[in-house]
Amino acid sequence: MPRIFSGIQPSGELHIGNYLGAVKNWVELQHQHQCFICIVDHHAITQPYEPDAFEQRTLDMAVGLIAAGIDPDKCVLFVQSHVAAHTELAWIFNAVTPIGYLERMTQFKDKSQHQESVLAGLLNYPVLQAADVLLYKADLVPIGEDQIQHVELMREIARKWNAKYCRDFFPEPQAKIGTAKRIRGLDGQAKMSKSLGNTVAMLDEPDEIWEHIRMAQTDPARVTRKDPGTPEKCNVYALHQHFSAPSMVDEVADKCRGAAWGCVDCKRVLADNVAQTFSPMRERAKQLQDDPKALGDTLATGAARAREVADETMAGVREHMGYLIQHAGY
Ligand code: TRP
């Protein structure tokens, strides 16, 4: 079975952008692939974060992923910092990665803009991401569009390391983009992101889902209820395509064009469908939250399974690079 690896930051709750853009895809892929899903806490510390909330956010992300359908028996689900080899391999990759490549990354350019002092960790973020994937010699990396550049970079890092130390040791992983490309934020911004505050969380209660969707930006041409709209210009319509039945999607489009519905009516239907889609996941999440011990065990098992593969890769890396191998009894 081809192996896939993907990662997600421990931002706490999953939102519908994470779900449609990545997680839903992972859930489908786990049946025909050997699947490694990693909560990337070491990546999260490259941006300002709250240490006091960090542990809980990591646990909440694990709950969200399992509730969304990631099956820890099928997938190796684990926390990045539990497998020390990630940072070790990242260090090694730093020694084959030209700084120029890193400075060119769009995400680095965007994120470093907002910081008075740009930290080395932010620049080296994609090197750690390369280590994540290559440690498991994964074939495929299912991700959102915004991560394509990082996957291209990890292919270059694999090539550079292989050229220097051992031909064909690391396979070049391929990006796999899901069907739902970019999910715009509720405010119409390019990206749905928790830090932009324009999301709907997957595990929100129905009234919270409604509160968020009620405020969503629609086609600006619909100033009053009587103004006809263009569904293709409306983010609420885009979300209907993910959460409503095809016949309802058609009805939404007709009623928007013909101004038969106001945007509020249209949002009401969307909010109900979103709440309904995630209702089994809310139930599952509650069960998981009720048993923190079991959740901890699940993550420990995931880390142990990940470590087995990672340690084997690291043994090869050290050997090919000429490191002194540690022997028992030293
Ligand atoms: N950078 C990814 C994101 O922000 C998260 C990530 C870290 C990742 N390591 C990964 C994704 C490895 C895929 C593979 O979405």
Side-chain angles (χ1 to χ4, degrees), residues 2-26 29-30 33-47 49 57-58 61-62 64-65 70 75-83 85-90 93 97 102 105-112 121-158 170-178 180-183 190-196 199 302 306 309-310 313:
R3 185 175 285 176
I4 70 179
F5 185 102
S6 202
I8 189 161
Q9 293 207 17
S11 53
E13 19 166 70
L14 279 174
H15 58 68
I16 60 177
N18 302 134
Y19 179 74
L20 296 173
V23 179
K24 192 172 174 218
N25 197 14
W26 302 345
L29 289 166
Q30 68 186 338
H33 298 78
Q34 210 182 351
C35 206
F36 288 75
I37 302 295
C38 183
I39 302 175
V40 292
D41 49 356
H42 279 318
H43 278 108
I45 65 160
T46 61
Q47 291 256 286
Y49 78 102
R57 291 200 169 176
T58 305
M61 182 51 74
L65 290 171
I70 298 293
C75 272
V76 179
L77 172 66
F78 70 106
V79 176
Q80 188 185 35
S81 65
H82 293 180
V83 181
H86 288 249
T87 44
E88 186 181 355
L89 187 58
F93 283 163
T97 309
L102 301 175
M105 293 292 119
T106 318
Q107 197 160 39
F108 170 70
K109 287 193 273 186
D110 288 350
K111 289 189 174 166
S112 57
L122 192 62
L123 181 68
N124 293 343
Y125 178 112
V127 180
L128 178 59
Q129 188 165 349
D132 292 341
V133 174
L134 296 175
L135 202 44
Y136 303 92
K137 300 188 176 179
D139 307 291
L140 294 172
V141 190
I143 33 134
E145 258 185 335
D146 63 322
Q147 295 295 313
I148 293 178
Q149 212 185 16
H150 286 167
V151 176
E152 266 155 26
L153 180 74
M154 68 181 74
R155 293 163 62 88
E156 297 213 50
I157 292 177
F170 288 115
E172 286 180 38
Q174 262 182 8
K176 189 170 169 58
I177 307 298
K181 287 206 172 146
R182 198 175 289 264
I183 307 298
K191 195 180 167 176
M192 185 174 278
S193 151
K194 185 165 175 180
S195 54
L196 298 173
T199 65
V309 180
T313 304

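Note that the coordinates shown come from a computational prediction; the quantities given were computed from them, not determined experimentally. For ligands, and for the atoms within them, numbers begin at 1 and follow the listed sequence.
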*Take Phe170 and Thr313, measure what side-chain contact (heavy atoms from CB on, under 4.5 Å) needs, and give me the verdict at the end.*
CA-CA 9 Å; Phe170 288 115; Thr313 304; 3.8 Å; yes
A student checking ligand 1 against Val141 at a 4.0 Å heavy-atom cut-off should list atoms 13 (C), 14 (C)
May I ask you to check whether Asp132 has an N/O atom sitting below 3.5 Å from an N/O atom of ligand 1? yes
Near His43 (heavy-atom distance under 4.0 Å), the atoms of ligand 1 are 7 (C), 9 (N)
query = For ligand 1, is there an N or O atom under 3.5 Å from any N or O atom of Gln147?
reply = yes
A student checking ligand 1 against Ile143 at a 4.0 Å heavy-atom cut-off should list atoms 11 (C), 13 (C)
Heavy-atom proximity to atom 12 (C) of ligand 1, picking from Gln129, Gln9, Gln80, points to Gln129
Assess, by modelled atom type and distance only, whether the side chains of Gln129 and Gln147 contain a donor and an acceptor separated by less than 3.5 Å.
yes
Q: Start with the C-alpha gap between His15 and Ile183, add the side-chain angles, then the distance that decides, and say whether side-chain contact (heavy atoms from CB on, under 4.5 Å) holds.
A: CA-CA 11 Å; His15 58 68; Ile183 307 298; over 6 Å; no
| Are a donor atom and an acceptor atom from the side chains of Asp41 and Ser81 found within less than 3.5 Å of each other? | yes
Honestly, for Leu128 the part within reach of ligand 1 (heavy atoms, under 4.0 Å) is neither
Worksheet item: Quick check: are there more than 12 heavy atoms from other residues, nucleotides or ligands sitting under 6.0 Å from NZ of Lys24?
Response: no
So the atoms of ligand 1 within less than 4.0 Å of a heavy atom of Tyr125 turn out to be 1 (N), 2 (C), 3 (C), 4 (O), 5 (C)
Check: His43 side chain, Tyr125 main-chain N or O, donor-acceptor pair, under 3.5 Å: yes
Parallel, tilted or perpendicular: which one describes the rings of Phe5 and Tyr136, with boundaries at 30° and 60°? parallel
Quick note on ligand 1: atoms under 4.0 Å from a heavy atom of Val133 include exactly 12 (C), 14 (C)
Contacts of Ser6 meeting side-chain contact (heavy atoms from CB on, under 4.5 Å) (sequence neighbours excluded), chain-then-number -> Trp26, Ile37, Pro142, Ile143
Residue, atom and distance of the protein heavy atom nearest atom 5 (C) of ligand 1 read Gly7 O, 3.6 Å
So the atoms of ligand 1 within less than 4.0 Å of a heavy atom of Phe5 turn out to be 12 (C), 14 (C)
